[in-house]
Amino acid sequence: MATETMQFTVEDMMCNGCEDTIQHELKHEDGVQQVSANHIEGTVEVRGTINPSLLVERVNALGFNASEE
């Protein structure tokens with residue numbers, strides 16, 4: 001599987017704490033190399049050999065409203 005970068009939106013990410021929670025959770029997923037969340041833009045960018053749908057599900061399980069762009 002090739003390394004790729006994906007970006008998805010998280011509508012209700014409000015602060016740095018939200019960013020930290022999402023980044024911490026996704027960093028532990030298999031294949032994830034780098035995670036960058038931005039609450040101001042409402043985006044999360046992930047680099048690695050990843051399943052985009054799985055990552056969105058993980059963020060939603062944390063109580064956020066994430067969707068693939």
- Message: Is it the case that the side chain of Asn60 and the backbone of Ala66 share a donor-acceptor pair, with hydrogens and angles ignored and the cut-off at 3.5 Å?
- Response: yes
- Report the C-alpha separation of Val59 and Glu25 in whole Å, then their side-chain angles, then the decisive distance to 0.1 Å, and conclude whether the side-chain contact (heavy atoms from CB on, under 4.5 Å) test is met. CA-CA 8 Å; Val59 173; Glu25 179 72 19; over 6 Å; no
- Under a 4.5 Å cut-off applied to non-hydrogen side-chain atoms, are Val35 and Glu45 in contact? no
- Where is the tightest heavy-atom contact between Glu68 and Ser53, given as atom of each residue plus distance? OE2-OG, 3.1 Å
- Query: When you look at Val46 and Thr5, which way does the side-chain contact (heavy atoms from CB on, under 4.5 Å) test go after all the steps?
  - Reply: CA-CA 6 Å; Val46 182; Thr5 301; over 6 Å; no
- Item | Trace of the side-chain contact (heavy atoms from CB on, under 4.5 Å) decision for Ser67 with Phe8 | CA-CA 6 Å; Ser67 61; Phe8 56 94; over 6 Å; no
- Item | Sub-4.5 Å side-chain heavy-atom contact between Val44 and Gln7 | no
- Task: Please check if any side-chain donor atom of Thr49 sits under 3.5 Å from a side-chain acceptor atom of Glu4, or the reverse.
- Result: no
- Counting distance only, does the side-chain N/O of Glu19 pair as donor-acceptor with the main-chain N or O of His39 below 3.5 Å? yes
- Could you give the distance from CG (Asn38) to CE (Met13), rounded to the nearest 0.5 Å? 6.5 Å
- Query: Under a 4.5 Å cut-off applied to non-hydrogen side-chain atoms, are Glu29 and Arg58 in contact?
  - Reply: yes
- Message: Please check this pair: side chain of Gln23 against backbone of Ala37, looking for a donor-acceptor N/O pair closer than 3.5 Å.
- Response: yes
- Message: If we ignore hydrogens and angles and just use 3.5 Å, is the side chain of Asp12 paired with the main-chain N or O of Phe64 as donor and acceptor?
- Response: no
- Query: What about Val32 and Leu62, same hydrophobic cluster or not, with Ile/Leu/Val/Met/Phe/Trp/Tyr joined at side-chain heavy-atom distances under 4.5 Å?
  - Reply: yes
